[in-house]
**Q** 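Pasting in a structure now, in structure tokens, and then I'll have a few things to ask.
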Amino acid sequence: EPSSISVPAHIPRPSYAKTGTPSSWDTAIPILTPAEINAMRPASTIARDALALGGRMVRAGTTTEAIDNEIHKYIISQGAYPSCLNYMGFPKSVCTSVNNVIAHGIPDTRELIAGDIINIDVTVYKDGFHGDTSAMFGVGKVDSLGVKLMDATRESLELAIDMCGPGVPISRIGETIESFVGPLGYSISAQLTGHGVGRSFHQNPLIYHHANEEPGEMLPGMAFTIEPILCQGVPDGIQWPDGWTIVTEDGGRSAQFEHTIVITETGVDVLTA
């Protein structure tokens, strides 16, 4: 397993941890029982707390590799596995995406500098389930355009979560985000989607964050992520030769916030809140 710090042998691992190859997607959308939803809570809570730990480390001079190391240590201290590690060969335990990196940035030795904006994306595997969350953090004083981008992205996620509930079309998520974001002048990455999460790191349904006509409605027991990415310029991304890092085509900055949610009989439960 690629890692700066190994995962202790006693910690249960997802199926791909050794080989790097996740199991194939089931086309069906899993519906979780109340017991399964409760079993997702530890992973989701550890992910939330690991993300907060990483956020507290964000300051000028800190490397994303140092953030990755500390989050890795925290996750394994909780008897959990960092889901990103060796998922399709990913070499680190979290994703760190700085400035114009849309997603899947690999933690490295670059020091953060004042004015940077960074997304830290943490997924945790515990008790047979994954919990997935991410957030933006500013390094020192961030310019007003950067702050507005981050605030709008957070608000778009909150608006999308607020309209979730049983019987709501899944496509309403994208409609809600686009109708909020459009007047602000940001674009929405269509390359990356939210996704079902539970026993698998990624499963159906796919969650589009732009206006779409995908079929399907939310049902109690459906668990998925909502994770909009807003861009200051064009939303198109280019993948670096490392096979992971996706950057904006025009160098504009992007921001992303993410929660894992589950649909309930009456509304929605944000598991990573």
**Q** In terms of ring plane angle, is the pair His104 and Trp244 parallel, tilted or perpendicular, where the classes change at 30° and 60°?
**A**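 His104 vs Trp244 ring planes: perpendicular.
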**Q** Counting C-beta onward and ignoring hydrogens, is there a side-chain heavy-atom pair between Val168 and Met163 closer than 4.5 Å?
**A**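 They are in side-chain contact.
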**Q** Given Leu145 and Gln232, is the side chain to side chain contact (heavy atoms under 4.5 Å, CB included) satisfied, shown in steps?
**A** CA-CA 9 Å; Leu145 291 177; Gln232 287 178 318; 3.9 Å; yes
**Q** So Asp143 and Arg253, side chain to side chain contact (heavy atoms under 4.5 Å, CB included) or not? Walk me through it.
**A** CA-CA 12 Å; Asp143 64 291; Arg253 288 175 295 180; 2.7 Å; yes
**Q** Would you sort out whether Val94 and Cys84 count as a side chain to side chain contact (heavy atoms under 4.5 Å, CB included), showing the intermediate values?
**A** CA-CA 6 Å; Val94 301; Cys84 289; 5.7 Å; no
**Q** Can you check whether Ala255's main-chain N or O pairs, donor with acceptor, with Asn119's side chain at less than 3.5 Å?
**A** no
**Q** Given side chains that start at C-beta, do those of Ile238 and Asp236 come closer than 4.5 Å, heavy atoms only?
**A**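 No. Closest side-chain heavy atoms not under 4.5 Å.
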**Q** Nearest 0.5 Å please: distance from the CD1 atom of Ile75 over to the NZ atom of Lys73.
**A**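 Separation between the atoms: 13.0 Å.
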**Q** With a 4.5 Å cut-off on side-chain heavy-atom distances among I, L, V, M, F, W and Y, is there a chain of contacts connecting Ile170 to Ile226?
**A** yes
**Q** Determine whether Trp25 and Leu206 make a side-chain contact, defined as any pair of heavy atoms from C-beta on separated by less than 4.5 Å.
**A** yes
**Q** Who clusters with Ile113? Use side-chain heavy atoms, under 4.5 angstrom, across I, L, V, M, F, W and Y, and order the result by chain and number.
**A** none
**Q** At what distance, to the nearest 0.5 angstrom, does SG of Cys164 lie from CG of Leu159?
**A** 11.0 Å
**Q** Got a donor-acceptor contact below 3.5 angstrom from the Ser97 side chain to the Gly105 backbone?
**A**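 Yes, because the side chain of Ser97 sits within donor-acceptor range (under 3.5 Å) of the backbone of Gly105.
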**Q** Is there a chain of hydrophobic side chains (I, L, V, M, F, W, Y, each step under 4.5 Å between heavy atoms) that links Leu51 to Leu112?
**A**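 Leu51 and Leu112: one cluster.
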**Q** Nearest 0.5 angstrom please: Thr64 OG1 to Arg110 CZ, how far?
**A**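 One gets 8.0 Å once the value is rounded to the nearest 0.5 Å.
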**Q** Pairs in or reaching into residues 261-273: which pass salt bridge (Lys or Arg N to Asp or Glu O under 4.0 Å), with residues at least two apart or in two chains?
**A**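 Listed once each, the pairs are Arg41-Asp269.
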**Q** Could you give the distance from CG (Asp108) to OG1 (Thr96), rounded to the nearest 0.5 Å?
**A** 6.5 Å
**Q** Are Pro228 and Leu157 side-chain neighbours, meaning at least one heavy-atom pair lies under 4.5 Å?
**A** yes
**Q** Taking C-beta and beyond as the side chain, do Pro107 and Asn69 meet within less than 4.5 Å on heavy atoms?
**A** no
**Q** Would His209 and Glu227 count as a side chain to side chain donor-acceptor pair (under 3.5 Å) here? Give the steps.
**A** CA-CA 8 Å; His209 303 110; Glu227 46 184 303; 6.0 Å; no
**Q** Is there a donor-acceptor contact under 3.5 Å from the side chain of Asn86 to the main chain of Ala17?
**A**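 Here the side-chain-to-backbone pair exists.
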**Q** With sequence neighbours left out, what residues match Val181 under side-chain contact (heavy atoms from CB on, under 4.5 Å)?
**A** Ser156, Ile177, Tyr186, Ile188, Leu230
**Q** Heavy atoms only: give me the nearest Ala80-Ile46 pair and the separation to one decimal.
**A** CB-CD1, 4.1 Å
**Q** Got a sec, which residues hit ring-ring contact (aromatic ring centres under 6.0 Å, His included) with His130, two or more places apart in sequence or on another chain?
**A**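 His130 satisfies ring-ring contact (aromatic ring centres under 6.0 Å, His included) with Tyr125, Phe201 only.
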**Q** Could you go step by step and tell me if Asp121 and Asp132 meet the side chain to side chain contact (heavy atoms under 4.5 Å, CB included) rule?
**A** CA-CA 8 Å; Asp121 192 334; Asp132 188 359; 3.2 Å; yes
**Q** Just by modelled atom types, is the Gly252 backbone N or O under 3.5 Å from a matching donor or acceptor in the Asn100 side chain?
**A**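 Judged by distance alone, no pair lies under 3.5 Å.
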**Q** Test of understanding: clusters of I, L, V, M, F, W, Y form through side-chain heavy atoms closer than 4.5 Å, transitively. Do Ile229 and Val234 belong to the same one?
**A**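 Per the 4.5 Å side-chain linkage, Ile229 and Val234 are not co-clustered.
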**Q** Looking at every non-hydrogen atom in both residues, tell me the closest pair between Ser187 and Gly233 and how far apart they are.
**A**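 That would be OG-O, 2.6 Å.
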**Q** Let me check something: do Trp240 and Val98 share a hydrophobic cluster, defined by ILVMFWY side-chain heavy atoms less than 4.5 Å apart, either directly or through other members?
**A**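 No: no chain of side-chain contacts under 4.5 Å links Trp240 to Val98.
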**Q** Quick test of your reading of the model: are Arg199 and Asp26 salt-bridged, counting only N-O distances below 4.0 Å?
**A**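 Salt bridge between Arg199 and Asp26, a charged N being under 4.0 Å from a carboxylate O: no.
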**Q** Taking atom CZ of Arg154 and atom CE of Met136, what is their separation to the nearest 0.5 Å?
**A** 10.0 Å
**Q** Quick one: closest heavy-atom pair of Phe180 and Ala152, and the distance?
**A**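 So the minimum-distance heavy-atom pair works out to CE2-O, 3.4 Å.
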**Q** Locate the shortest heavy-atom distance separating Pro235 from Ile102; write the atom from each residue and the value.
**A**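 Scanning both residues completely, I find the closest heavy atoms to be O-CD1, 3.9 Å.
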**Q** What distance separates Asp49 CG from Thr133 OG1, expressed to the nearest 0.5 Å?
**A** 10.5 Å
**Q** Would you call Lys92-Glu65 a salt bridge at under 4.0 Å N-O?
**A**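 Answer for the salt bridge query: yes.
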**Q** List the atom of Asn212, the atom of Gly174, and the distance in Å for their closest heavy-atom pair.
**A** ND2-CA, 4.1 Å
**Q** Give a yes or no on whether the backbone of Ile29 and the side-chain of Asn204 come within a donor-acceptor separation of less than 3.5 Å.
**A** no
**Q** Honestly curious: do Ile261 and Met218 fall in one hydrophobic cluster under the side-chain, below-4.5 Å linking rule?
**A** yes
**Q** Does Thr62 reach the main-chain N or O of Val58 with its side chain, forming a donor-acceptor pair under 3.5 Å?
**A** no
**Q** Are Phe90 and Cys95 side-chain neighbours, meaning at least one heavy-atom pair lies under 4.5 Å?
**A**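 Result yes, sub-4.5 Å side-chain heavy-atom pair found.
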**Q** Spell out, as yes or no, whether a donor-acceptor pair under 3.5 Å connects the side chain of Thr153 to the backbone of Gln256.
**A** no
**Q** Output all residues satisfying salt bridge (Lys or Arg N to Asp or Glu O under 4.0 Å) with Arg48, sequence neighbours left out; order by chain, then residue number.
**A**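 Result, salt bridge (Lys or Arg N to Asp or Glu O under 4.0 Å) vs Arg48: none returned.
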**Q** I'd like to check the side-chain contact (heavy atoms from CB on, under 4.5 Å) partners of Asp162; sequence neighbours left out, ordered by chain and number.
**A**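 Counting only residues at least two positions away or on another chain, Asp162 forms no side-chain contact (heavy atoms from CB on, under 4.5 Å).
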**Q** What I'd like to find out is whether the side chain of Pro22 reaches to under 4.5 Å of the side chain of Tyr87, using heavy atoms alone.
**A** yes
**Q** Tell me if a side-chain donor or acceptor on Gln191 pairs with a main-chain N or O of Gly237 at a distance below 3.5 Å.
**A**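 Here the side-chain-to-backbone pair exists.
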**Q** Can you check whether Tyr74 reaches Gln78 side chain to side chain, under 4.5 Å on heavy atoms?
**A**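 The answer is yes; the side chains approach within 4.5 Å.
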